[in-house]
Amino acid sequence: MPNEIQLLTQIKNGDAKALSLLYDNYSGALYGVIIRMCKNEAVAQELLQETFLKIWQKAGSFDPEKGKFYTWAYRIARNLTLNELRNPSPLIQTEDLSVYKEKVATEVLTIDELKLNGSIKKLESHHQKAIELVYFQGLTHREAHEEMNVPLGTFKSYVQQALKKLRESYQLTIFLGWLLMEQIL
Amino acid sequence: MALNGTDTMMDKKAILETGMLERYLLGELSSSESQQLEAIIKRDTELQRLFQEMESDFEKMAQENAIAPPSELKDQLMSRLKKKETPVISLDEKNRSMKQYLAIAATIALLFGITTIWLYNQINTMQDKIEMVEAENSVLKNNFEEFEDNYDEVITWYNQINDPNTIQLVLNGNEKSPTAKAISYVNHSTKMVVVNAAGLPPLDNDHDYQLWADVEGEMIDMGVIPKDTEMVAMQYIDKAESFNITIEQAGGNDHPTVEQLISNVYLK
């Protein structure tokens, strides 16, 4: 994984190749979030582009001391998507119609295609749901606890327990990966 | 709001219990809350570690659930980027000679500007005149079309009345309406009945004149005579022995109000 800070400096200087690299590494993850939030391929594709355009424009304002690049990019994607869902702009649907036309047949995605994978699936269903709502659906904690019909405090503990379990799961993965490396070398 | 360790709204315990770290990560906090939290995290290594682990876990989870966008998207994005790339121009060296050119260009532009304003006014005046002429033409055209319509109508009535088979029958008013007079034109060949009702005294809004044909003692509706019309075609009834006009309620009636008969005439 290339040095994020370096890439962002390059982007600030107008280096499109640097953005291209970031796109290669992160577009899938961001697209997975955006498309689960808006459930519409054409809109999600436009929003993904808008996200990277914004990353391009605001590269100068990313502060590596405050956190990782991906967190910053995630927030950009989430905000753009939530804004679009609240105030659908006619532009997004009609801009570059060629993309839209090709995608019309598969516009609305089935639950099956959007199901979650990986460590999150190992969680108990209420923990999984909690994370899914706030992370992949873009709900605030308040909106999410109402959605699940549990008190806010209970919901927050779901999130924290889920995060704890994810941490254990990923730590184990890292450890096993390390073990494997040790074996190979 | 003061940011010392113990008495702020955000102390470490509260941060952990209320899930502020994850809310901050997700972007739920306001910018002022975010700034406060960032300052606190900066000074606390444990919070830093927790936050970094959280970032890492969320990122892994997102990567595990990544969905690859169509490949055309990247091409589109990169070409849009090219349009947005703004090259930086260094102005310093070009400034001085630019000023001279600018002065000349400004003068020429001013001359053009004055001429343009003058031309613009000329054009506007002419346009106003053209519009006036067009409006007059339009009025004349409308008037002429009205005349044509009226003429067509008059010719139609004239032809119907002057047909050799047309019989003229006058309906004079009886004692109920002595001044009433209506003229009917009947053509048994073309089955036409036209009535000139100009001579009937006007009725109020609640009443209308209605025309009936007497066939073997039975009164058959020929229609309500519309107010404010001179010549009107009515329903022709076979074997009518007489025409009769009554005053009915507005809109007409199924059967005549015999007491309100104001005129009749016999056909031969």
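The chains referred to below are lettered A, B, ... by the order of the sequence lines, with proteins before strands, and numbering in each begins at 1.
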Margin query: Using the rule given for side-chain contact (heavy atoms from CB on, under 4.5 Å), can you reason through B:Lys42 versus A:Glu65, listing the C-alpha separation, both sets of side-chain angles and the distance that settles it, and then say yes or no?
Written below: CA-CA 9 Å; B:Lys42 209 168 173 175; A:Glu65 297 200 5; 3.9 Å; yes
- Message: Please evaluate residues B:Met54 and A:Thr71 with respect to the criterion side-chain contact (heavy atoms from CB on, under 4.5 Å), reporting the C-alpha separation (whole Å), side-chain torsions for both, the decisive distance (0.1 Å), and the verdict.
- Response: CA-CA 10 Å; B:Met54 200 183 283; A:Thr71 307; over 6 Å; no
Could you go through A:Ile131 and B:Met61, starting from their C-alpha distance and side-chain angles, then the distance that decides it, and tell me whether this counts as side-chain contact (heavy atoms from CB on, under 4.5 Å)?
CA-CA 10 Å; A:Ile131 295 287; B:Met61 181 179 71; 3.6 Å; yes
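Judged by distance alone, the side chain of A:Asn117 and the main-chain N or O of B:Asn65 form no donor-acceptor pair under 3.5 Å. Within the 3.5 Å criterion, the main-chain N or O of A:Asn25 finds a donor-acceptor partner in the side chain of B:Gln63. Of the possible polar contacts, one joining the A:Gln160 side chain to the B:Leu16 backbone as a donor-acceptor pair under 3.5 Å is found.
Contact of B:Glu53 with chain A is made through backbone and side chain together, with heavy-atom distances under 4.5 Å. Interface remark: A:Leu48 contributes side-chain atoms only to the contact with chain B (heavy atom separation under 4.5 Å). At a 4.5 Å heavy-atom cutoff, the contact between A:Leu139 and chain B is made by backbone atoms alone. With a 4.5 Å cut-off on non-hydrogen atoms, B:Met78 touches chain A through its side chain but not through its backbone. Within the 4.5 angstrom heavy-atom criterion, atoms from both the backbone and the side chain of B:Phe58 approach chain A. Of the atoms belonging to B:Ile41, not a single heavy atom falls under 4.5 Å from chain A. Looking at B:Gln48, neither its backbone nor its side chain comes within 4.5 Å of chain A, counting heavy atoms on both sides.
Residues of residues 165-172 of chain A placed with any heavy atom under 4.5 Å of a heavy atom in chain B are listed by number as A:Leu166, A:Arg167, A:Tyr170.
Ion pairing between a basic and an acidic side chain is recognised when a charged N comes within 4.0 Å of a carboxylate O; A:Glu50 and B:Arg80 show such pairing.
Residues satisfying the side-chain hydrogen bond (donor to acceptor under 3.5 Å, both in side chains) test with B:Asn253, not counting sequence neighbours, are B:Glu248.
B:Lys74 and A:Ser20 are linked by a side-chain donor-acceptor pair at a separation below 3.5 angstrom, with hydrogens and angles left out of the test.
Between A:His141 and B:Glu22, some side-chain heavy-atom pair lies under the 4.5 Å cut-off.
Considering NZ of B:Lys60 and CD1 of A:Ile120, their distance stands at 14.5 Å, rounded to 0.5 Å.
For B:Glu148, the CD atom is densely surrounded, since the number of other residues' heavy atoms within 6.0 Å is greater than 12.
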